[in-house]
Amino acid sequence: MHKVGLDIKKNTMSPLLFPLLLLLVHIITGAAVQLCPDYYSETCPEAETIVRGVMKKAYDREPRSLASVMRFQFHDCFVNGCDASMLLDDTPTMLGEKLSLSNINSLRSYEVVDEVKEALEKACPGVVSCADIIIMASRDAVALTGGPDWQVKVGRLDSLTASQEASDNIMPSPRANATSLIDLFAKFNLSVKDLVALSGSHSIGQGRCFSIMFRMYNQSGTGRPDPAIEPKFREKLKKLCPLNVDQNVTGDLDATPIIFDNQYFKDLASGRGFLNSDQTLFTFPQTRGFVKLFSSDQGEFFKAFIEGMIKMGDLQIEQPGEIRKNCRVANRRPINTF
Ligand code: HEM
Ligand SMILES: *[C@@H]1O[C@H](CO)[C@@H](O)[C@H](O)[C@H]1NC(C)=O
Ligand SMILES: *[C@@H]1O[C@H](CO)[C@@H](O)[C@H](O)[C@H]1NC(C)=O
Ligand SMILES: *[C@@H]1O[C@H](CO)[C@@H](O)[C@H](O)[C@H]1NC(C)=O
Ligand SMILES: *[C@@H]1O[C@H](CO)[C@@H](O)[C@H](O)[C@H]1NC(C)=O
C-alpha cells in the first residue's frame, strides 16, 4: 500500500492532492511515513512561523516552559516512536503516559502545545499533527534560548492510543549510570556520542528534589551521598533539598538554566551535575571523552545535538495514525476497541 502512494506521479496532479492522498494511505494502512522538511509547504505554509510565534510568547511568560516542552520530544519519541502518544489524556479505557513513573508530577507545560495546536487549527484545520508540533516546538525551544537552529523533517501522524506501561518500562531513571544509558540509547540506534549530546538538553530547565534525594542521602544504598558531587555544590543542594523537604521543590539542571549552551558539560566536569544520570557521564570513562569535548567546544556540542535530535525525531513504529484535532484526545478509536 505504501508503494502505491509513492508510485503516483507527483507532477500529474495538483500539488495539494499528492500529500493528501499519501496521508490517506498512511491513515488507512499504518505504514511508516516518509518525513521531509517541506511536507506542509503547500497545505500549511505558515506552520513553522506559527509554532515559533507561540513558543516566543511562552518564553516571555515563563522561560522554563521552553525546556519543559523540549523534554516532550524525548518522552514522546522513545515510547513507540514520535507519535504524540504522551499528549493523550487518560480515558476510562486507556491509561495514558501522563501518569507514568517518569512523567507524573514532572512533565509540564502541556498547555503550550495546546496553544500551538489552536493557532494551527485556526490557520489550517486538520493539517498539522501534534507529533510534528512536538518536533518543531522542541527545535524552537533550543533556538530561542540561545542554542542552534536547524531544519526539521515533518509529516508524522498522531497515534490513536498511548501506553503507560511502555513509558514505565522504557524511560530511564535519574539514578541510571552511564553504562545502562548507553545500552538504552543503543536500542534506538543512538550512539554514545548521541547520548552525551542529547543529555546536553539539561542545559536548560529544572528538576525536583524528588529526583536527587537518593543521590544526596543514600547513593546505591550506602547511606551516604554520591561521592562524585563537588563538596560546595553538595552543600548548596542540601540547602535546597533537606531530608524532609517538599520533594516538588525544584533546582536548576545547570548554572545557566535558561540559556542553551555548553555550561552543562562544564558543570559535569567540575562535579556540579544535578542528576545522577548527568554526573555519571563524566564519572564513567566510556562517556567522559565526549563530556570533555563538548565542555571545551560548544560548536561540537551543537553539531552533535542537532544530529541526535534528528535521529531521535526519526523514530517511528508502524501503526495507524491520524491528525488529531485536539492533542489531548484521539479523533477516532483504535480499530480493536470498536
Ligand atoms: C539520558 C537520559 C535522561 C534522563 C535519565 C533524564 C532525566 C530527567 C529528569 C529526572 C529530569 C527532572 C525531572 C523532575 O525532577 O521532575 C529531567 C528534566 C529534563 N530533561 Fe531529561 N533525562 C534524560 C535525557 C533527556 C533528553 C534526551 C532530553 C531532550 C532531548 C531531555 C530533556 C530534559 C529537559 C529539557 C528537562 C527540564 C524540564 C523542565 O524544566 O521542565 N532529557 N530529565
Ligand atoms: C549500572 O547500572 C546497572 C543497572 O542498574 C547495574 O546493573 C550496573 O551494575 C551498574 N554499573 C556500574 C559499573 O555501576
Ligand atoms: C536500528 O537499526 C536497525 C538496522 O538498520 C533496524 O533494523 C532497526 O529497526 C533500528 N531500530 C530502531 C529502534 O530504529
Ligand atoms: C538506603 O538504601 C538501602 C538500600 O536501598 C536501605 O536498605 C536503607 O534503609 C536506606 N537508608 C536510609 C537511611 O534510607
Ligand atoms: C507534588 O505535587 C503534586 C501536585 O502537583 C502532588 O500530587 C504530589 O504528591 C507532590 N509530590 C511530592 C513528592 O510532594
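Read the numbers this way: they start at 1 and go in the same order the structure lists the ligands and their atoms.
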Looking at [X] and [Y], does any basic side-chain N land under 4.0 Å from a carboxylate oxygen?
| X | Y | answer |
| --- | --- | --- |
| Glu46 | Lys122 | no |
| Asp114 | Arg328 | yes |
| Asp194 | Lys311 | yes |
| Glu62 | Arg108 | yes |
| Lys232 | Glu235 | no |
| Arg52 | Glu48 | no |

Before signing off on this row, confirm whether Ser199 and ligand 1 have an N or O atom pair separated by under 3.5 Å.
-> no

What protein heavy atom lies closest to [atom]? Include the residue and the distance to one decimal.
| atom | value |
| --- | --- |
| atom 9 (C) of ligand 1 | Leu275 CD1, 3.5 Å |
| atom 13 (C) of ligand 5 | Gln247 CB, 3.6 Å |
| atom 1 (C) of ligand 5 | Asn248 ND2, 1.5 Å |
| atom 9 (O) of ligand 4 | Asn218 ND2, 4.8 Å |

Please state whether the rings of Phe260 and Phe302 are parallel, tilted or perpendicular, taking 30° and 60° as the class boundaries.
->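 Phe260 and Phe302: tilted rings.
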
Check the angle between the aromatic planes of Tyr110 and Phe72 and answer parallel, tilted or perpendicular using the 30° and 60° thresholds.
->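 Ring orientation of Tyr110 relative to Phe72: parallel.
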
With backbone taken as N, CA, C and O and side chain as the heavy atoms from C-beta onward, which portion of [X] lies under 4.0 Å from ligand 1: side chain, backbone, both, or neither?
| X | result |
| --- | --- |
| Ser173 | backbone |
| Met312 | side chain |
| Leu181 | side chain |

Check ligand 4 against Gly221 and write out every atom of the ligand that is under 4.0 Å from a heavy-atom position of the residue.
-> 1 (C), 2 (O), 3 (C), 4 (C)

Output the list of atoms in ligand 1 that are nearer than 4.0 Å to some heavy atom of [X], sorted by atom number.
| X | answer |
| --- | --- |
| Ser201 | 25 (C), 26 (C), 28 (C), 29 (C), 30 (C), 31 (C), 32 (C), 35 (C), 42 (N) |
| Ser211 | 10 (C), 14 (C), 15 (O) |
| Pro174 | 10 (C) |
| Ser106 | 13 (C), 14 (C), 16 (O) |
| Leu253 | 18 (C), 19 (C), 36 (C), 37 (C) |
| Gly205 | 37 (C), 40 (O) |
| Ser277 | 4 (C), 5 (C) |
| Ile204 | 35 (C), 37 (C) |

Kindly state if atom 11 (N) of ligand 4 has a protein heavy atom within a strict 4.0 Å cut-off, that is, under 4.0 Å?
->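 Yes, because at least one protein heavy atom sits under 4.0 Å from atom 11 (N) of ligand 4.
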
Any Arg64 heavy atom less than 4.0 Å to ligand 1 = yes

Look at ligand 1 and say whether Ala176 reaches it with a heavy atom at a distance under 4.0 Å.
-> no

Using only N, O or S atoms, tell me which atom of His202 is closest to atom 21 (Fe) of ligand 1.
-> NE2

May I ask you to decide if Glu97's main-chain N or O and Gln164's side chain share a donor-acceptor pair within less than 3.5 Å?
->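 Checking the backbone N and O of Glu97 against the side chain of Gln164, no donor-acceptor pair under 3.5 Å is found.
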
Among Arg71, Met70, Gln73, which one has a heavy atom closest to atom 38 (C) of ligand 1?
-> Arg71

Among Ile104, Asn105, Val249, closest by any non-hydrogen atom to atom 7 (O) of ligand 5 =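 It is Asn105 that holds the nearest heavy atom.
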
Side chains of His202 and Asp254: donor-acceptor distance under 3.5 Å anywhere?
-> no

Does Arg224 count as lying over the ring of Tyr217, i.e. NZ or CZ under 6.0 Å from the six-ring centre, within 45 degrees of the axis?
-> no

